[in-house]
Every structure is written in C-alpha cells, then in structure tokens.
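Scope of the values below: all heavy atoms of this structure, side chains included, with no hydrogens, waters or symmetry mates. Order of listing sets the numbers, starting from 1, for every ligand and every atom in it. For reference, positions follow the sequence shown, starting with 1.
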Amino acid sequence: MKEVIIIKLGEIVLKGLNRKNFEDRLIKSIRYRLYKAGEFKVRASQSIIEVSPVSEDADMDEAAERISKIFGIAAFSRACACEKDIEVIKQSAAEYLAEHFSRISSFKVEAKRSDKQFPFTSPQIAREVGGFLADSFPEVEVDVHEPDAVVTVEIRDRAAYIHSESIRGAGGIPVGTGGKAAILISGGIDSPVAAYMMAKRGIELTAVHFASPPYTSERAEEKVVELLRRVAAYSGRMTMYTVPFTKLQEEIRDKCHEEYFTIIMRRLMMEIAQRLAEKNDCKALITGESLGQVASQTIGAIACTDAVCTMPVFRPLIGMDKEEIISISRKIDTFEVSIQPYEDCCTVFTPKHPRTRPVLKTVEAEQNKIDYMPLIQEAIDNVKITEIN
Ligand code: ATP
Ligand code: MG
C-alpha cells in the first residue's frame with residue numbers, strides 16, 4: 001500500500017486542442033512547486049495526474065498544501081494506490097482508512113472503473129469493498145443518504161486508488177499557458193489580488209514597483225516583496241523591477257498643477273511599466289484599479305491613463321467592491337501584509353482636490369511642462385531587480 005496524490009484537471013480546457021500543452025505545463029508547474037517538499041514522481045495517466053513520493057523525506061502534507069495553490073487543478077485527493085485485485089483493494093482500503101474510520105460513524109462506497117478490463121463492475125466493486133469495510137469496522141454504519149464519509153474506489157490504468165476526500169483545487173488555467181504580463185504592484189490590498197486573478201487565467205507574471213525614497217521607506221519595498229512571495233505561491237516565480245520614481249514625482253510636484261499630480265504620475269507609471277514589459281516579453285499590463293474607488297479610477301481618469309498605453313491593460317478588479325477584494329486577499333493570505341502601514345509613492349504628493357473628470361488635452365499640456373523622456377530613461381536604467389521565488 002502506498003499513499004499518493006491524484007489530481008483531476010480543470011475540465012474546460014481539457015476538451016480543446018490545447019490539452020497536451022495544458023497538461024505539459026501543469027506537470028512542469030507541479031514538479032517545480034514540489035521540489036521543496038521532497039522527491040516525487042509526477043506523471044499523467046488518462047485524465048489524472050499521479051504524484052507519488054519517491055524518497056523517505058517526501059512530505060505529503062507539504063505537497064498537498066502546495067498542490068492546492070496550483071492553477072489548472074479542479075480537485076485532488078490523497079489516496080492509497082494498490083494493485084488492481086479486488087482482495088488487495090479490500091485489505092488496502094481497510095488499512096488505509098482505519099484512522100479516518102475511528103473518527104466517523106457512517107460511510108458509503110462509490111466506485112469508478114475506467115479500466116474496463118477489471119473483472120468487476122462499479123456497483124460490484126462498491127458492494128464488495130463496502131461489505132468488507134462494514135465487517136472490519138462494526139461500529140461504523142453504511143449510510144447511502146447522508147454518510148460522514150464517501151469512500152471512492154477508482155480503477156484506472158496504472159493502479160486502483162482508494163480515497164475518502166476530494167479537495168477542491170485552485171481552479172483556473174496553468175500559469176504560462178496564457179502568455180506573460182506585467183503587474184503594477186503597490187503595497188496595497190488591490191494589486192496583489194489583481195496579480196493572483198490574472199495568474200489564475202494562465203498569465204505568467206513580471207512585477208513592476210515604483211519606489212520614491214526617501215518619501216517611501218525600505219520597509220515599504222520589503223512589504224511588496226513579501227506580498228509578491230505570497231502571490232508567487234500561486235503564480236510561480238517572477239522577477240520584480242523596482243523603479244526609482246523620486247525625480248519624476250518631484251518634477252511633477254514642482255512644475256504641474258496640483259489637480260493633475262496623480263493622473264500624470266499614473267501616466268508616467270504606465271509608460272515606464274510598458275517599456276519594462278516590452279523588454280520582458282510581456283504582452284499586457286495589469287493593475288488593481290476598481291471603478292470609482294478613488295479619483296484616479298473614474299472612467300475619465302482611466303481614459304487619460306490608457307491614452308499612453310500601447311498594450312492592453314487588464315484590470316480584473318474593475319467591477320468589484322472593496323469587500324469582495326478583501327475576501328480574496330484574505331484567502332490568498334496577502335491581507336495582513338497589505339494593511340501594514342507603509343507609505344506608497346501614490347500617497348506622497350496627493351492633491352487635496354484631484355480632477356475626477358480630467359480633460360486629456362489639459363493633462364497632456366500639464367505633463368509637457370516637464371521634460372519627462374530623459375527622466376523615464378534614467379528611471380529605467382536604474383531599476384533594481386529582485387527574484388521572487
Ligand atoms: P492598491 O491597493 O493596489 O494600492 P489602490 O486602490 O490603493 O490600489 P492606487 O493606489 O490608486 O489604488 O493604485 C492603483 C493601481 O496602480 C494599483 O492597484 C497598482 O496596480 C498601481 N500602483 C499604485 N501604486 C503603485 C506603485 N507604487 N508601484 C506600482 N504600481 C502601483
Ligand atoms: Mg494604493
């Protein structure tokens with residue numbers, strides 16, 4: 001008897017021509033993510049992926065935790081894998097489930113036979129195994145309507161699998177199958193959630209963060225690194241570019257009308273992010289904006305920001321309420337970090353009365369008061385690179 005993890009793939013993508021690409025990517029992600037949990041064999045068979053421990057130090061709890069965060073997985077189970085022989089299956093089930101059965105009072109057995117060579121039908125398997133378990137654990141009753149546990153026996157290509165719990169996977173599409181995009185990441189609540197949401201749609205991430213020392217601190221940047229680490233548990237590794245933004249912000253403050261500080265700053269952020277994105281083979285930008293949340297997130301302000309963008313800008317939170325965003329940030333474990341109070345460059349020179357309906361021509365005229373091109377270049381030349389694993 002051996003414990004393995006069996007993984008069920010996301011259904012939708014499986015049906016298309018993408019299947020092979022999807023599966024290969026997913027296996028690659030699983031291998032990579034399990035690297036730190038010990039030595040495992042990861043292989044596809046029919047519509048599942050089997051993960052089996054190879055070495056003594058392979059940590060199954062850690063592996064299950066890591067697998068729960070990989071996109072492209074609909075569900076997974078820790079299961080006992082055994083020989084496809086009905087007697088072996090019964091014995092293995094009793095042995096494997098003994099601990100679990102000591103904590104429950106009723107069960108039922110369901111069987112799935114994808115290997116049609118197996119000499120018992122699904123109902124026969126369920127009856128055989130159910131009967132054996134009922135005899136082995138007289139204090140646990142069979143209840144087909146509302147059982148405490150549903151024991152599943154699956155007869156597949158490689159082996160028979162027995163498990164009593166199916167755990168919901170992270171869903172989505174394997175990271176990398178959707179191309180690459182650059183997330184503009186602040187230390188706030190929203191942008192880490194936006195990053196997570198696009199990774200879920202198969203996007204591989206590159207991160208761009210703007211820092212304005214001494215107005216923003218070293219700690220503010222460390223906070224962003226910590227947020228990205230947590231996002232990376234889902235999205236996989238990424239490169240973070242920290243852009244020195246102080247000079248541009250001081251120029252805006254010194255030369256532009258206060259009402260336009262934020263909007264001009266955001267346009268410059270997009271310009272810089274876009275250049276870094278292009279260099280890194282990213283085909284889109286991602287932000288954590290939500291319509292109407294602040295003055296720079298009105299339709300008019302977004303239009304002025306988008307006017308400088310030549311690549312698509314994904315704003316996955318655009319139609320979400322703060323409460324909805326917070327609930328995702330709690331789920332992905334970024335909330336507690338996001339609410340630590342460190343200054344972001346966005347809040348350094350905030351106007352008292354920002355324009356909520358800016359006119360593009362006026363914004364451009366204000367922005368043209370500064371000679372921003374050389375400053376953009378200088379900022380890009382001085383980015384700091386941090387690898388997030
Ligand atoms: P967040 O919670 O992500 O900070 P927010 O609601 O506070 O978002 P803003 O601060 O106006 O809104 O920022 C809007 C978006 O601009 C952010 O979601 C993020 O994508 C980007 N952004 C803001 N500040 C920075 C920064 N310092 N570096 C990189 N991107 C930033
Ligand atoms: Mg913010």
F210, any N or O under 3.5 Å of ligand 1 N or O: yes
Where ligand 1 meets T287 - atom numbers and elements under 4.0 angstrom, heavy-atom basis: 20 (O)
Sole candidate of K20, R19, R25 that passes side-chain hydrogen bond (donor to acceptor under 3.5 Å, both in side chains) when paired with E23: R19
Any N or O of M269 closer than 3.5 Å to N or O of ligand 1: no
Within-cut-off N or O pair, I185 and ligand 1, under 3.5 Å: yes
Check: P53 and K2 side chains under 4.5 Å, non-hydrogen atoms: yes
Verify same cluster id: I30, I5 (apolar side-chain graph, 4.5 Å): yes
Any N/O pair G187/ligand 1 closer than 3.5 Å: no
Check against side-chain contact (heavy atoms from CB on, under 4.5 Å), T246 and T216: CA-CA 9 Å; T246 316; T216 60; over 6 Å; no
Mode of T262 contact toward ligand 1 - side chain, backbone, both, neither (heavy atoms, under 4.0 Å): neither
Per-atom contacts of ligand 1 with V208, taking only distances under 4.0 Å to non-hydrogen atoms: 29 (C)
I183 and ligand 1 - part of the residue with a heavy-atom distance under 4.0 Å: neither
The one among A182, S186, A301 that brings a heavy atom closest to atom 1 (P) of ligand 1: S186
Atom indices of ligand 1, in the order listed, that fall short of 4.0 Å to a heavy atom of Q293: 5 (P), 6 (O)
Atom indices of ligand 1, in the order listed, that fall short of 4.0 Å to a heavy atom of G288: 17 (C), 18 (O), 20 (O)
Pairing of E165 and R78 as salt bridge, 4.0 angstrom limit: no
G188: numbered ligand 1 atoms lying under 4.0 Å from its heavy atoms: 1 (P), 2 (O), 4 (O)
Distance (rounded to the nearest 0.5 Å) between C304 SG and Q367 CD: 10.0 Å
Option of least heavy-atom distance to atom 9 (P) of ligand 1 (set: Q297, E289, H209): Q297
More than 12 heavy atoms of other groups within 6.0 Å of I299 CD1: no
Sub-4.5 Å side-chain heavy-atom contact between K255 and E366: no
E146 atom CD: more than 12 heavy-atom contacts under 6.0 Å: no
N or O pair under 3.5 Å between D344 and ligand 1: yes
N or O pair under 3.5 Å between I286 and ligand 1: no
E324, CD atom: more than 12 neighbouring heavy atoms under 6.0 Å: yes
Proximity of D190 to ligand 1 by residue part, where a heavy atom lies under 4.0 Å: both
